[in-house]
Amino acid sequence: MTAASLPRVSVVGLGKLGAPLAAVLASRGFTVVGLDVSKTLVDALNAGKMPIVEPQLNELIAANKQRLSATMEAGEAVRQSDASFVIVPTPSDSTGFFSNRFVLQAMETLGKALRNKNGYHMVVITSTVMPGTTGGEIKAALEAASGRKVGPELGLCYNPEFIALGSVVRDMLYPDSILIGESDSKAGDMLQTIYLQMCEKKPPVQRMNFINAELTKISVNTYVTTKISYANMLADICDRLPGADVDVVTRALGADTRIGAKYLKGAMGYGGPCFPRDNVAFAALARKIGARADVAEATDRINNYQVDRLTGLVAKFSKAGTRIAILGLSYKPQTPVVEESHSVKLATRLADMGYVVAVHDPLAQDAAMAVLGDKVVGASSIEGAVRESDLLIVATAWPEYQAIAPAWCKRDGQRLTVLDLWRTLPAAKFAEVADVLYLGSGR
């Protein structure tokens, strides 16, 4: 398709996912206008550089400034677009369900702007929502605000992203598949056209009604977290069986095509802004409608147990007062996000138990220190953290930690104990100065 024939797009919400979506769409030839209530984010996008840490994001923005703009005026965004992607937060409430309050505010804002626009417009809900809400309160709010009914002149789709922070741009360009919950075939056709143009390859497109798409979204993440907790359960068992090695076991399991190798690794528990809450929401939904979600609940319990497991492991090798360095505070590499990070929880727990804890992270140190406060010391360098510790924990698989040198581990009259939770360091390299212990390796 030529640029002139492509639908024009607005992206509502310019945060960690919205800004990359706008940049990726612009890079693929779309004219894109971003809409946000934050003047800081709007001004940043118009200036060509967002204050968001995400690989490739600002490079794409700088290279496609001619097709990218941002505004705080909903009327302007709607007039300049044919489709609006809504990607605002849906925080969890006290029941474990996702709150739609920001989505509903967006529906009111877009709906009022649509009253002054003629012709067809499609609204795409990209934020993760609970099953039953796109066709329920979200649709009702959009129709009430716009004075239109979803149908010939107003399309509505549910289209969640399956991405990971730290690889958002890549995941948007190369998705495994596209999930579309559609109000009708006209809306679904338009959204499919946008995605087939946006993606570098042509992924399979799964089209269905709203509720099936909503359930699919949280089911995917629940299934993935089940694999993670299963591998961590195996690692716990392997820790207690001399000669057992969880990596050997999971490698053999993953070779079975019925299982697959992705996410099947015994290491830290899962964290971040999506996995923990999606699993909780899935179980909460099941309870509300009278169904059983024992697997999801067990997955959550096993994940929460991992911090207890690690603190118990630390206690086997050291006493209160020991100097401990924790390398890695983000819940995964390539992101500064520490939400539900198990390494932050571990640092808190160890400090409360009387250990002297120093922490380091290439990107997430400031965010983590804001949570940890004066419980721990922020190390200014990897080398400094290692040299000043009696027990070292590699908690996030940052590639920077592969540069740790044996010389940093030398101690007078004793060997450094290293708990390498991701098998980042080769034990043989440190054999003369440190005992490198891996999770899930029987001893």
Side-chain angles (χ1 to χ4, degrees), residues 1-3 5-7 9 11 17-18 20-30 32 54-56 60 82-87 90 122-135 150 155-228 254-264 272 274-275 278-279 281-282:
M1 298 179 70
T2 64
S5 65
L6 291 174
V9 177
V11 176
L17 303 184
L21 177 60
V24 168
L25 284 164
S27 75
R28 301 294 291 163
F30 292 90
V32 183
E54 189 62 46
Q56 303 180 65
L60 280 187
D82 306 300
S84 298
F85 287 76
V86 177
I87 190 161
T90 50
M122 179 177 63
V123 175
V124 182
I125 307 301
T126 302
S127 306
T128 301
V129 301
M130 295 301 297
T133 57
T134 303
V150 169
L156 180 62
C157 287
Y158 177 64
N159 169 236
E161 296 284 357
F162 295 92
I163 53 81
L165 295 179
S167 59
V168 174
V169 170
R170 184 196 68 196
D171 294 345
M172 287 180 173
L173 287 170
Y174 298 96
D176 288 338
S177 67
I178 302 299
L179 178 65
I180 296 176
E182 59 192 49
S183 58
D184 52 70
S185 59
K186 181 178 180 179
D189 287 346
M190 183 178 184
L191 185 54
Q192 178 168 325
T193 296
I194 291 173
Y195 268 103
L196 292 182
Q197 172 69 22
M198 186 182 87
C199 300
E200 289 283 359
K201 296 183 179 179
K202 306 307 177 193
V205 180
Q206 314 292 334
R207 292 173 60 171
M208 57 197 72
N209 63 21
F210 293 142
I211 199 161
N212 284 328
E214 292 162 335
L215 183 57
T216 298
K217 166 57 177 175
I218 59 174
S219 297
V220 166
N221 283 354
T222 301
Y223 192 87
V224 170
T225 57
T226 299
K227 292 186 73 174
I228 295 170
D256 190 316
T257 57
R258 296 171 298 176
I259 298 173
K262 284 188 176 181
Y263 290 94
L264 198 65
C274 296
F275 279 174
D278 284 10
N279 205 64
F282 186 92

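The shown structure was predicted, so the numbers you read here are calculated from the model rather than taken from an experiment.
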State, yes or no, whether a side-chain contact exists between [X] and [Y] at a heavy-atom distance under 4.5 Å.
X	Y	value
Pro160	Thr216	no
Val205	Tyr195	no
Ile259	Leu264	yes
Pro55	Val169	no

task = Please step through side-chain contact (heavy atoms from CB on, under 4.5 Å) for the pair Ile194 and Leu25, ending with a clear verdict.
result = CA-CA 9 Å; Ile194 291 173; Leu25 284 164; 3.9 Å; yes
ask   = Which is it for Ile125 and Phe210 under the side-chain contact (heavy atoms from CB on, under 4.5 Å) test, yes or no, and what are the steps along the way?
value = CA-CA 10 Å; Ile125 307 301; Phe210 293 142; over 6 Å; no
message = Would you say that more than 12 heavy atoms from the other residues, nucleotides or ligands in this model lie under 6.0 Å from the CG of Asp256, or not?
response = yes
ask   = Any chance NZ of Lys201 has more than 12 other-residue heavy atoms, nucleotides or ligands included, within less than 6.0 Å?
value =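 Counting neighbours around NZ of Lys201, 12 or fewer heavy atoms of other residues, nucleotides or ligands fall under 6.0 Å, so no.
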inquiry  = Can you list everything that forms a side-chain contact (heavy atoms from CB on, under 4.5 Å) with Tyr223? Sequence neighbours excluded, please.
reply    = Lys227
Ignoring hydrogens and angles, tell me if any N or O in the side chain of [X] forms a donor-acceptor pair with the backbone of [Y] under 3.5 Å.
X	Y	result
Glu54	Pro20	no
Gln197	Arg28	yes
Asp82	Val9	no
Gln206	Ile178	no
Lys217	Glu161	yes

Over all heavy atoms of both residues, which pair between [X] and [Y] is shortest? Give the atoms and the distance, please.
X	Y	value
Pro203	Asp176	CB-O, 4.0 Å
Leu156	Ala187	N-CB, 4.1 Å
Val24	Met198	CG1-CG, 3.7 Å
Leu60	Ser27	CD2-CB, 3.8 Å
Phe282	Ser219	CE1-OG, 3.6 Å
Asp171	Phe162	CB-O, 4.3 Å

Rounded to the nearest 0.5 Å, how far apart are [atom1] of [X] and [atom2] of [Y]?
X	Y	atom1	atom2	answer
Asp278	Thr222	CG	OG1	6.5 Å
Leu191	Tyr158	CG	OH	12.5 Å
Lys202	Gln192	NZ	CD	10.5 Å
Ser167	Leu173	OG	CG	11.0 Å

side-chain contact (heavy atoms from CB on, under 4.5 Å) between Thr128 and Cys274, intermediate numbers included = CA-CA 9 Å; Thr128 301; Cys274 296; over 6 Å; no
ask   = Applying side-chain hydrogen bond (donor to acceptor under 3.5 Å, both in side chains), which residue pairs with at least one partner in residues 181-190 are found, sequence neighbours left out?
value = Glu182-Arg207, Asp189-Arg207
Thr126/Leu17 under side-chain contact (heavy atoms from CB on, under 4.5 Å): CA gap, chis, key distance, verdict = CA-CA 10 Å; Thr126 302; Leu17 303 184; over 6 Å; no
Side chain to side chain donor-acceptor pair (under 3.5 Å) involving Tyr263 - partner list, sequence neighbours excluded = none
